[in-house]
Amino acid sequence: MKIIVSEIPEEGIELDLKDDIKSDVVSIVSPVKSVMRLVKIEDEVMVKGALTADVELQCSRCLNHFPTRISSQVDVVYHPVREIVKSEQRELKSAELDTVFYSDDLIETDDLLREQLILNLPMKPLCSPDCKGFCPKCGADLNISECGCETKETDSRFEVLKQLKKEKE
Ligand SMILES: [Zn+2]
Ligand SMILES: [Zn+2]
């Protein structure tokens with residue numbers, strides 16, 4: 001959705017959106033739902049709210065793709081692009097790191113939501129917290145089957161689990 005900055009009323013605007021957004025970085029498999037409040041102070045626009053979307057990630061251990069839900073806060077301040085020169089002169093405070101720029105009196109909420117979503121993707125996605133990954137020797141997906149390879153470094157946590165299993169049997 002395109003927001004015309006000069007048309008944001010004094011009292012601000014509330015957005016309740018459900019947009020189909022595409023990204024080159026991540027496969028977004030649901031509409032991106034967001035609730036945001038935009039308030040204009042002089043020529044800066046504060047955006048606060050939250051977003052939710054379903055994405056498909058690749059597990060960093062087993063490399064399988066899996067769906068997951070990303071929910072994140074949105075808390076950014078838009079400055080008009082002509083302010084860049086000015087802001088280079090003053091020191092950027094750390095509080096201003098969530099600063100973004102708009103130009104031509106326009107804020108494109110799709111761009112904002114896409115960026116915020118990508119910023120909140122996990123660095124090391126896991127299909128499940130106890131994903132076993134694959135065997136470093138034969139490449140078998142250990143979530144599907146044990147390959148039987150002897151691996152030198154045994155993970156003590158798995159040894160404990162194996163032991164527990166044996167005791168149950
Ligand atoms: Zn996995
Ligand atoms: Zn193996």
Side-chain angles (χ1 to χ4, degrees), residues 1-3 13-38 45-79 92-103 106-169:
M1 175 177 189
K2 285 184 177 17
I3 307 289
I13 44 173
E14 306 272 350
L15 299 176
D16 191 342
L17 305 173
K18 203 174 164 187
D19 300 305
D20 287 312
I21 299 175
K22 295 270 164 280
S23 163
D24 298 337
V25 179
V26 64
S27 159
I28 306 171
V29 295
S30 75
V32 178
K33 285 191 208 161
S34 61
V35 181
M36 293 183 284
R37 180 167 167 73
L38 280 72
V45 183
M46 324 274 166
V47 185
K48 276 186 199 290
L51 71 87
T52 313
D54 292 330
V55 298
E56 199 177 85
L57 298 178
Q58 190 175 24
C59 177
S60 60
R61 276 188 205 150
C62 70
L63 305 183
N64 285 318
H65 291 268
F66 65 100
T68 191
R69 176 157 293 178
I70 304 290
S71 296
S72 94
Q73 300 294 309
V74 177
D75 192 355
V76 297
V77 181
Y78 273 92
H79 294 262
L92 275 177
K93 288 171 275 176
S94 59
E96 285 178 300
L97 285 178
D98 273 332
T99 293
V100 284
F101 295 95
Y102 70 89
S103 56
L106 266 186
I107 288 176
E108 179 57 80
T109 59
D110 281 14
D111 294 340
L112 170 65
L113 292 167
R114 185 185 299 108
E115 273 167 33
Q116 294 296 310
L117 183 64
I118 290 166
L119 282 175
N120 283 282
L121 294 175
M123 298 288 272
K124 287 199 169 180
L126 289 178
C127 61
S128 96
D130 51 4
C131 172
K132 298 190 188 86
F134 49 79
C135 171
K137 273 195 180 163
C138 72
D141 185 342
L142 299 176
N143 295 308
I144 296 169
S145 62
E146 296 260 332
C147 58
C149 293
E150 288 277 345
T151 43
K152 272 180 200 157
E153 57 276 88
T154 47
D155 188 328
S156 56
R157 283 174 309 163
F158 289 142
E159 286 307 312
V160 172
L161 282 176
K162 268 189 204 158
Q163 205 55 48
L164 283 173
K165 228 179 164 185
K166 267 182 204 157
E167 281 168 14
K168 268 191 200 156
E169 279 166 1

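Order of listing sets the numbers, starting from 1, for every ligand and every atom in it. Since the model is a prediction, treat every value here as computed from it, not as a measurement.
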S34 (side chain) donor-acceptor with L51 (main chain) under 3.5 angstrom: no
Expected output: side-chain S23 to main-chain V25 donor-acceptor under 3.5 Å: yes
Main-chain N/O of R37 paired with E14 side-chain donor or acceptor, under 3.5 Å: no
At the Zn ion (ligand 2): angle between C135 atom SG and C149 atom SG, to 10 degrees: 110°
Under 3.5 Å: donor-acceptor pair, side chain of R114, backbone of K22: yes
Donor-acceptor contact present, side-chain K48 to main-chain M36, <3.5 Å: no
Atom of P125, atom of F66 and distance for their closest heavy-atom approach: CB-CZ, 3.8 Å
The Zn ion (ligand 1): protein N, O or S atoms [distance under 2.8 Å]: C59 SG, C62 SG, C127 SG, C131 SG
